[in-house]
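Data first, discussion second: the structure below is written as structure tokens.
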Amino acid sequence: MQTYGAVRGGGTLRTSDQGGIIVGNVDLNSRERELIGQVSVDHLMESTRTIAGWVRHSGTPDEAQAFDWIEGTLRSYGLETTRYQHRGLVSWPESASLVVTNSNGETETIRCATHAFATSTPEGGLHGELVHVGSGTNAELRNAGVGGKIVLVDGIVAPNRHLAVDDSDAIASIWIAGTYLHERALSPVWGTPTPETAHLLPTKPSVSVTAEGGERIKAALTDGPVSVKLVTRVYRNWNQLPLLVADLRPGHDGAEADTFVMLSGHVDSWYYGAMDNGTANATMIEVARVLSQHRDDLRRGLRLAFWSGHSHARYAGSAWYADTHWQELHDDCVAHINVDSVGGVGATVLSQGNSMAELRDFVSDAIEPIAGQRLDPRRYGRSGDQSFWGHGIPAALMSLSEQPPENADPVLLALHHQISGGASKAGGLGAWWHTPDDTVDKIDPDFLVRDARIYVLLLHRLCAAVTLPFNYRATIEELRQNLSALGAAGGGFDVSPIEEQAHALESALGRLATVTQAANTDKSAVVNRCLMEIGRALIPVDYTSTGMFDHDLAVPTRPLPGLSSMRTLADCDPDSDAYHFIHTRLVRERNRIVHGLVQATRAVESCLKELDRTTS
């Protein structure tokens with residue numbers, strides 16, 4: 001049973017000077033060539049310019065106007081729209097100043113910027129002695145004696161790094177960023193805080209300075225004690241946030257017509273946000289425009305979701321939707337495809353996009369015919385409105401196209417590598433990312449068309465596929481590799497029950513693949529429901545530590561996060577309290593993972609029995 005039209009192809013597809021399509025050695029069927037040929041650079045750029053005409057802070061009137069325009073455009077294409085409003089805790093910086101006084105009493109004003117969710121200083125500012133703490137690890141903070149002082153930290157600020165500083169006895173922090181000051185949000189809480197996470201919200205003032213400013217401060221420190229005066233104002237409030245959902249339904253009824261693929265992106269922005277996230281919104285609109293002309297191809301619906309609260313409320317929009325529509329998403333959402341910051345000038349790297357293992361080859365098969373690249377084998381990072389892992393929904397993409405490393409600010413590149421676990425070979429989203437320079441002149445129309453074509457092709461295939469293209473044997477192989485890496489970390493914890501059940505699931509998946517290839521299309525709905533059930537069982541244990549109904553923190557995560565404490569077990573005395581505490585937690589997490597694997601295996605076995613019954 002063929003899943004979709006194209007599989008592999010090493011050729012390229014580009015736009016001619018006249019706007020036509022030049023197809024090289026690609027493996028696209030005629031309908032797919034027609035689809036990507038309908039992607040319009042004029043529509044894309046008009047949408048981008050319109051949306052980038054508003055500064056879209058979360059919950060503001062300008063953002064609401066952008067939502068109004070997007071909704072009206074989608075309705076004109078025949079999509080059914082629903083608009084929601086919900087409360088979100090939002091924050092953004094308003095002003096900051098930093099005055100440094102050296103040991104000779106000489107003062108200097110250093111350009112700086114504060115951060116969303118940092119706290120404002122008292123009226124009149126905050127005064128304190130400055131101490132340099134390197135990269136700001138817990139050990140460095142302890143050794144530096146930071147009590148009552150303001151700390152100077154190397155590197156761009158991130159929520160997980162700021163947690164250590166916020167937990168210390170320092171009274172404020174200054175972070176040395178790179179060449180540019182990129183807007184940053186410090187809350188490590190995913191979405192709206194709960195009683196269990198509210199204490200993690202930042203409690204201290206914080207600013208960033210450029211690398212050049214940081215060097216001047218360090219030079220002053222070499223001559224003796226330095227004191228600083230810090231003044232910050234940060235907006236924080238509960239705003240009403242908009243959320244727009246638009247449905248493109250199949251042109252005919254069928255067994256899977258009530259299921260849908262979700263394509264999502266945020267509307268809120270820093271400054272005018274032409275790339276982040278104007279081009280992504282334009283791409284979503286263009287996907288809807290093109291696919292609305294081919295409804296009869298679709299076996300399942302396409303749901304577009306436009307979030308607020310991404311940049312200023314730490315994914316509050318998608319988290320609210322995940323919580324409020326939990327059962328519908330769990331039951332009917334086939335996959336979640338995200339789009340963020342596409343079409344940038346110089347964005348030639350398309351191999352570093354996020355994807356869960358079960359979707360990686362499928363996504364690569366949409367990228368390769370158009371861009372000549374395939375995704376590298378790397379896991380999905382904890383970012384990009386991925387609020388749906390607890391539901392067990394397979395996910396792919398976010399920022400599709402990125403800068404080559406040589407174009408990157410070294411400090412920002414270091415953060416990019418940290419977020420990706422050191423696996424990324426790209427240089428991020430451009431020097432203008434999260435700055436006032438994110439304007440329409442930073443968009444390459446040809447690259448935007450390229451990226452939009454990939455999304456059109458990918459979404460058409462997902463919505464039209466006879467059999468869903470989820471390769472869970474790749475997921476099991478990745479799980480096995482991660483178990484091996486955890487075992488190599490020591491500790492002696494027994495993961496063989498997980499390995500045994502993973503082997504049983506892999507065997508069952510092999511039998512399902514054989515039967516599926518021989519089955520007719522009338523049985524595809526049975527197979528597809530089974531594939532969805534496998535994801536519901538595996539993804540929460542593979543990607544979350546809090547489980548199905550909560551949200552992990554917005555900080556870097558590791559594979560099989562419930563077993564991450566295996567790395568510390570080896571350092572514990574087997575007779576110590578700490579060892580037994582950790583070991584007990586690991587036993588429970590092992591049970592959770594084994595249970596997920598068992599549930600997935602049972603789903604496959606049940607599917608095989610039903611297929612056998614209906615074909616005999």
Side-chain angles (χ1 to χ4, degrees), residues 79-86 88 190-192 194 241-250 255-266 284 287-288 298-310 314-340 354-356 358-359 380 382-398 458-459 462-463 465 468-470 472 525 528-544 546-552 554 596 599-600 603:
L79 276 72
E80 303 168 18
T81 64
T82 305
R83 187 84 160 260
Y84 301 96
Q85 292 282 335
H86 64 94
W190 191 280
T192 299
T194 64
L241 305 181
L243 193 155
L244 174 64
V245 168
D247 282 301
L248 178 66
R249 301 190 184 280
E256 298 178 77
D258 290 334
T259 64
F260 58 89
V261 177
M262 183 163 62
L263 172 64
S264 84
H266 68 92
M284 295 171 69
V287 168
L298 311 185
R299 297 175 61 90
R300 54 195 65 85
L302 173 66
R303 175 167 295 180
L304 284 77
F306 295 84
W307 321 118
S308 179
H310 168 100
R314 191 57 83 183
Y315 315 120
S318 61
W320 178 88
Y321 191 68
D323 295 341
T324 309
H325 297 264
W326 195 95
Q327 198 64 50
E328 179 192 20
L329 289 161
H330 180 268
D331 290 347
D332 296 329
C333 185
V334 169
H336 175 212
I337 307 299
N338 188 254
V339 55
D340 198 310
N354 290 293
S355 179
M356 292 183 178
E358 56 269 23
L359 271 173
Y380 220 121
R382 185 75 178 132
S383 59
D385 281 296
Q386 290 305 311
S387 297
F388 310 97
W389 292 349
H391 304 70
I393 299 172
L397 296 183
M398 184 179 62
L458 177 66
L459 270 300
L462 265 177
C463 292
L468 291 172
F470 302 156
Y472 281 109
N528 290 340
R529 178 53 60 180
C530 171
L531 292 169
M532 290 175 67
E533 290 175 1
I534 294 169
R536 272 50 177 173
L538 293 186
I539 293 169
V541 299
D542 193 16
Y543 274 90
T544 78
T546 54
M548 298 173 67
F549 301 102
D550 211 333
H551 299 281
D552 290 349
Q599 291 299 100

Review point. Rounded to the nearest 0.5 Å, how far does CD1 of I534 lie from CD1 of I539?
Key: 10.5 Å
**Study point:** For A257 against P250, the heavy-atom pair lying closest together
**Key:** O-CD, 4.0 Å
Revision key, fill the gap. Here the gap from L304 atom CG to L459 atom CG, rounded to the nearest 0.5 Å, amounts to 7.5 Å
Check your understanding: If you measure only the distance, is there a donor-acceptor pair under 3.5 Å linking the side chains of D552 and T544?
Key -> no
Review point. Just wondering, do P242 and R83 contact through their side chains at under 4.5 Å, heavy atoms?
Key: yes
Exercise for review: Might you work through the side chain to side chain contact (heavy atoms under 4.5 Å, CB included) test for W307 and L243, ending with a clear yes or no?
Suggested key: CA-CA 5 Å; W307 321 118; L243 193 155; 3.6 Å; yes
Point to revise | Non-hydrogen side-chain atoms of V339 and L397 separated by less than 4.5 Å | key: no
Exercise for review: Show your working on side chain to side chain contact (heavy atoms under 4.5 Å, CB included) between N354 and N338 and close with a plain yes or no.
Suggested key: CA-CA 9 Å; N354 290 293; N338 188 254; over 6 Å; no
Revision key, fill the gap. Heavy-atom closest pair (A319 atom, G191 atom, distance to 0.1 Å) is CB-CA, 4.0 Å
Check your understanding: So, do R300 and L468 sit near enough that their side-chain heavy atoms are less than 4.5 Å apart?
Key -> yes
**Study point:** From OG1 (T192) to CG (D323), nearest 0.5 Å
**Key:** 8.0 Å
Review point. What are the two closest heavy atoms between P469 and A465, and how far apart are they?
Key: CD-CB, 4.4 Å
**Study point:** Distance in Å, S355 OG paired with I337 CD1, rounded so as to fall on 0.5 Å steps
**Key:** 7.5 Å
**Study point:** side chain to side chain contact (heavy atoms under 4.5 Å, CB included) evaluation trace for T259 with N528
**Key:** CA-CA 11 Å; T259 64; N528 290 340; over 6 Å; no
**Study point:** side chain to side chain contact (heavy atoms under 4.5 Å, CB included) evaluation trace for H310 with S318
**Key:** CA-CA 8 Å; H310 168 100; S318 61; over 6 Å; no
Practice item. Enter the distance from Q327:CD to H330:NE2 here, rounded to the nearest 0.5 Å. Key: 6.5 Å
Check your understanding: Is the number of heavy atoms from other residues, nucleotides or ligands under 6.0 Å of D258 CG greater than 12?
Key -> no
Exercise for review: Verify the distance criterion only: is there a donor paired with an acceptor across the side chains of H336 and D385 at less than 3.5 Å?
Suggested key: no
**Study point:** R382 side chain to Q386 backbone, donor-acceptor under 3.5 Å
**Key:** yes
Exercise for review: Please name the pair of heavy atoms, one in A603 and one in C530, separated by the smallest distance, quoted to 0.1 Å.
Suggested key: O-SG, 3.5 Å
Check your understanding: So, for F388 and A322, which heavy atoms are closest and what is the spacing to 0.1 Å?
Key -> CE2-CB, 3.6 Å
Exercise for review: If the plane angle is over 60° it's perpendicular, under 30° parallel, otherwise tilted; pick one for H325 and W320.
Suggested key: perpendicular
Exercise for review: Give the minimum heavy-atom separation between T81 and A246, together with the two atoms involved.
Suggested key: CG2-CB, 4.0 Å
Point to revise | Sole residue of L329, V334, V261 in side chain to side chain contact (heavy atoms under 4.5 Å, CB included) with I393 | key: L329
Practice item. Kindly indicate whether the side chain of M398, heavy atoms from C-beta on, has any atom under 4.5 Å from the side chain of S383. Key: yes
Check your understanding: Within the side chain of R299, is there an N or O that forms a donor-acceptor pair under 3.5 Å with the backbone of E256?
Key -> no
Review point. Partners of R303 by side chain to side chain contact (heavy atoms under 4.5 Å, CB included), sequence neighbours excluded?
Key: V245, D247, F260, Y321, E328
Point to revise | For E358, all residues meeting salt bridge (Lys or Arg N to Asp or Glu O under 4.0 Å), sequence neighbours excluded | key: none
Check your understanding: With a 4.5 Å heavy-atom cut-off, do F470 and L359 have their side chains touching?
Key -> yes
Point to revise | Interatomic spacing from CZ in R536 to CE in M532 - rounded to 0.5 Å | key: 4.0 Å
